[in-house]
Amino acid sequence: MEYQNSVTSVSNEEPSFSDCDLTYTSVVYEDGDDYNHPTGILPGTDDHAGCLNFQLFLNNEDKSKKSWLYSSVLKKLYIDINKVVCVQFRLKQPESGKINSSKESLFVRALPVYAAPEFLQEPVTRCPVHVMTDKANGHSNVPWLFHVLRAEHHEAVYHINRKSNRHSVVVPLHTPALGSEFITIMYKFTCKTSCAFGLNRRPVHVVFTLENAQGQILGRRKLLVKVCSCPKRDLHRDEIVSKTEIDANGRKRKVKEVDNSMAYSSMEIYSPATKEIKMEHLDVEETVEDDNMPYTIPSFTVMGKQQYISTLELLHGHFLGLSVRNDALIDLHPNISHISELLDKIKNESS
């Protein structure tokens, strides 16, 4: 099979990895659009262990403290852009005794999908800014150029479904090293959750499907992910917000905490007891740095219309600046909108 710019085309039939003489780190184009296809219009997202007891774990060993964190409260991975997270897979060995043999070739496909039902049919694509940045840096021919998710693996193959426009990356599984029960694959994200014209602040799941050489799905796991500049800050803030709710009078109150320790026990999705992912306790200095507790500004009176307008404009500019510097537009948008409404109202009043 001849390749042009490291691109392979597969059309009009289900993808068969064993039938393709693939050049690794190439691109494969698919045309499957049925509901059973892993990259179709509405791909399956329900967790399914399957006959091989497909399981997913996060390896928190030998990682930088600021590269990624996992929230056991929110069941969510927080990771910095272009930082590596080691994902471990475990499954029951096939009948041949080897995972990647001529008869039992197995693959893991990683597919980003939007978590909200209203966006599920939309493909997750990379934002134009990061695409153009890579092109400017001389990476215009890399196979992962338009992919939000990248696999740091020399045998990775990047797939694009031409009917659904979904982007996924497929990596072959090999028998674990002697003495190990896990198969480790390293992934990184090439766009932030906040990227405009890309993820655009929409929550994203990464759906991992275990497939054989004929493209048949043998198992499925999903992982909720947020890609951000400061994982610790965003994790701490989101956990605080999740523990508060607003009552009928608009006042915030703490929600009674629920024990989530057994929430995923039936799936065994995250690290076992011997490799449990623990959230670090924040010390005093870190708490001050990541201070996201809600506070209410007391009401006060401003004399004069012009002074009132000037005060509102100062607050409006202040919140806009905070949203840009701290990547917090989604949190500050209610304040910004409210101040804008007040400004419009006072400016439209007759003098």
Side-chain angles (χ1 to χ4, degrees), residues 66 69 71 73-74 76 78-81 114-119 122 124 127-130 133 189 191-204 224-256 282 284-351:
K66 295 185 178 180
L69 290 170
S71 170
V73 175
L74 303 174
K76 189 173 183 178
Y78 291 77
I79 185 169
D80 198 355
I81 186 173
Y114 289 116
E118 59 267 30
F119 300 120
E122 297 184 22
V124 179
C127 78
V129 174
H130 284 112
T133 300
F189 294 83
C191 260
K192 293 182 182 179
T193 303
S194 59
C195 285
F197 306 107
L199 277 66
N200 201 22
R201 299 187 178 278
R202 290 172 288 185
V204 171
L224 186 61
V225 177
K226 182 174 183 180
V227 188
C228 49
S229 300
C230 187
K232 180 181 289 187
R233 179 200 66 195
D234 284 19
L235 181 151
H236 184 50
R237 179 185 59 197
D238 290 353
E239 285 191 346
I240 290 176
V241 172
S242 71
K243 295 176 183 177
T244 62
E245 65 180 20
I246 300 177
D247 59 21
N249 298 321
R251 294 174 297 187
K252 293 184 178 180
R253 65 182 183 87
K254 288 187 176 181
V255 178
K256 183 178 179 181
L282 300 176
V284 177
E285 293 182 359
E286 290 174 330
T287 303
V288 173
E289 179 184 348
D290 295 334
D291 184 12
N292 285 287
M293 289 295 295
Y295 293 92
T296 301
I297 299 176
S299 59
F300 55 89
T301 303
V302 176
M303 300 301 295
K305 181 177 179 180
Q306 291 303 319
Q307 188 174 355
Y308 176 62
I309 292 175
S310 299
T311 303
L312 289 179
E313 288 177 341
L314 284 172
L315 284 172
H316 188 264
H318 172 68
F319 285 125
L320 277 176
L322 282 177
S323 68
V324 173
R325 291 192 298 272
N326 298 331
D327 189 23
L329 180 60
I330 192 171
D331 301 308
L332 296 174
H333 185 267
N335 295 337
I336 297 171
S337 298
H338 180 59
I339 295 172
S340 296
E341 292 173 1
L342 292 175
L343 278 169
D344 291 340
K345 182 178 180 180
I346 189 66
K347 288 180 179 180
N348 292 330
E349 288 181 355
S350 57
S351 302

Q. Among all residues two or more places apart in sequence or in another chain, which pass the side chain to side chain donor-acceptor pair (under 3.5 Å) test with T133?
A. none
Least distance between heavy atoms, [X] atom then [Y] atom:
| X | Y | result |
| --- | --- | --- |
| C228 | D234 | CB-OD2, 3.2 Å |
| T193 | V227 | OG1-N, 2.8 Å |
| A196 | P128 | O-CD, 4.4 Å |

Q: Decide yes or no for L342 and Y308: does some side-chain heavy atom of the first lie under 4.5 Å from some side-chain heavy atom of the second?
A: yes
Q.
So L74 and S242, do their side chains get closer than 4.5 Å, heavy atoms only?
A. yes
Spatial distance of atom [atom1] ([X]) from atom [atom2] ([Y]) [nearest 0.5 Å]:
| X | Y | atom1 | atom2 | value |
| --- | --- | --- | --- | --- |
| L235 | D238 | CG | CG | 7.0 Å |
| I339 | L315 | CD1 | CG | 5.0 Å |
| H236 | S71 | NE2 | OG | 11.5 Å |
| C127 | K192 | SG | NZ | 10.0 Å |
| T311 | Q306 | OG1 | CD | 11.0 Å |
| S310 | K305 | OG | NZ | 12.0 Å |

Q. With V204, which residues qualify under side chain to side chain contact (heavy atoms under 4.5 Å, CB included), at least two apart?
A. P112, Y114, L199
Q.
Run the side chain to side chain contact (heavy atoms under 4.5 Å, CB included) test against A115 and tell me which residues pass, sequence neighbours left out.
A. P203, H205, L224
